Asks: 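This is the structure, below, for whatever I ask next.
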Amino acid sequence: MAKELQPLIDTQISVITNDGRNIIGILRGFDQTTNLILEECFERVYSVKSGVEQAVLGLYIIRGDNIAVIGELDEELDSNLDLSQIMAPPLKA
């Protein structure tokens, strides 16, 4: 899988972890075990009672064995979302 990440270097990606966290940041590097280095990183925290909150993480490393899904983020589409109006249960509680 690591080879497929090369075109995503220096782009904003979304990572869903095995424990249900949604972490977004700019991919700066990775290794053969899919450990990721993300910069300007934040976590989107979902709730059924209030809108999506964003927790700033800064520079972040995610272990490859904790990654469920990696996807490229469409920055234009993402910037048009009103996160305060999106309510959803967390992926895992």
Side-chain angles (χ1 to χ4, degrees):
M1 177 201 249
K3 181 174 69 172
E4 288 83 7
L5 293 175
Q6 188 62 43
L8 297 177
I9 292 286
D10 297 329
T11 63
Q12 194 168 38
I13 64 169
S14 176
V15 178
I16 307 293
T17 62
N18 291 335
D19 60 355
R21 298 172 69 193
N22 183 4
I23 299 172
I24 296 168
I26 299 170
L27 181 64
R28 293 298 185 202
F30 61 91
D31 64 13
Q32 67 275 11
T33 58
T34 319
N35 295 319
L36 303 179
I37 301 171
L38 300 179
E39 190 175 56
E40 298 177 24
C41 200
F42 57 90
E43 177 181 359
R44 287 194 176 152
V45 182
Y46 293 87
S47 168
V48 292
K49 296 180 181 178
S50 63
V52 176
E53 294 180 22
Q54 297 192 127
V56 176
L57 303 173
L59 185 65
Y60 208 69
I61 297 173
I62 305 174
R63 286 180 49 110
D65 61 355
N66 192 32
I67 295 172
V69 178
I70 301 171
E72 186 175 8
L73 196 68
D74 184 333
E75 294 182 48
E76 182 180 340
L77 183 63
D78 190 60
S79 66
N80 291 328
L81 291 176
D82 183 3
L83 296 175
S84 66
Q85 298 299 313
I86 298 175
M87 295 180 204
L91 291 176
K92 286 189 176 180

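Quantities reported herein were computed from a predicted structural model and do not represent experimental measurements.
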Asks: If Ile, Leu, Val, Met, Phe, Trp and Tyr residues are connected whenever their side-chain heavy atoms lie under 4.5 Å apart, and connections chain through other members, are Leu83 and Tyr46 in the same group?
Replies: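 Yes; Tyr46 is reachable from Leu83 via cluster members.
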
Asks: Using a 4.5 Å cut-off on heavy atoms from C-beta on, say whether the side chain of Leu5 contacts that of Leu36.
Replies: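 Yes; the side chains approach each other to less than 4.5 Å.
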
Asks: Mind checking the CD1-CZ spacing from Ile23 to Arg44? Nearest 0.5 Å is all I need.
Replies: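 Rounded to the nearest 0.5 Å, the CD1-CZ separation comes to 12.5 Å.
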
Asks: Any chain of hydrophobic side-chain contacts (each under 4.5 Å) joining Ile62 to Ile37?
Replies: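 In one cluster with Ile62: Ile37, no.
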
Asks: For the residue pair Lys49 and Ser47, what are the closest heavy atoms and their distance?
Replies: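 So the two residues come closest at N-OG, 3.1 Å.
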
Asks: What's the shortest heavy-atom distance between Leu73 and Ser14, and which atoms?
Replies: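 Answer, listing the atom of Leu73 first, then Ser14: CD1-CB, 4.2 Å.
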
Asks: Can you tell me how far CD of Gln12 sits from CG of Asp78, rounded to the nearest 0.5 angstrom?
Replies: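 That separation rounds to 6.5 Å.
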
Asks: Could you see if Leu57 belongs to whatever hydrophobic cluster contains Ile67? Use Ile, Leu, Val, Met, Phe, Trp, Tyr and a side-chain cutoff under 4.5 Å.
Replies: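 Linked, Leu57 and Ile67 end up in one cluster.
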
Asks: Treating Ile, Leu, Val, Met, Phe, Trp and Tyr as nodes and any side-chain heavy-atom pair under 4.5 angstrom as an edge, say whether Ile86 and Ile16 lie in one connected cluster.
Replies: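 Each belongs to a different hydrophobic cluster.
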
Asks: Are Leu38 and Ile26 side-chain neighbours, meaning at least one heavy-atom pair lies under 4.5 Å?
Replies: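 Contact flag for Leu38/Ile26 side chains = no.
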
Asks: I need the minimum non-hydrogen distance between Val48 and Pro89, along with the two atoms involved.
Replies: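 Between these two residues, the closest heavy atoms are CG1-N, 3.4 Å.
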
Asks: Are there over 12 heavy-atom neighbours, none belonging to Gln54, within less than 6.0 Å of that residue's CD?
Replies: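 Yes, because the 6.0 Å sphere around CD of Gln54 holds more than 12 heavy atoms from other groups.
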
Asks: I need the Leu27 CG to Ile9 CD1 distance, nearest 0.5 Å.
Replies: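 Atom-to-atom, Leu27:CG and Ile9:CD1 are 4.0 Å apart.
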
Asks: Rounded to the nearest 0.5 Å, what separates atom SG in Cys41 from atom CD1 in Ile61?
Replies: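 Between atom SG of Cys41 and atom CD1 of Ile61 there are 11.0 Å.
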
Asks: Linking I/L/V/M/F/W/Y whenever their side-chain heavy atoms sit closer than 4.5 Å, directly or via other members, would Tyr60 and Phe30 fall into one cluster?
Replies: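 Result: yes, single cluster for both.
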
Asks: For a 4.5 angstrom cut-off between non-hydrogen side-chain atoms, does Asn22 reach Val52?
Replies: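 SC-SC contact between Asn22 and Val52 ruled out.
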
Asks: If every non-hydrogen atom of Arg63 is compared with every non-hydrogen atom of Asn35, which pair is closest and at what distance?
Replies: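 Looking at all heavy atoms of both residues, the shortest contact is CA-OD1, 3.2 Å.
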
Asks: Glu39: what forms a side chain to side chain donor-acceptor pair (under 3.5 Å) with it, not counting sequence neighbours?
Replies: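 So Glu39 forms a side chain to side chain donor-acceptor pair (under 3.5 Å) with Arg28.
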
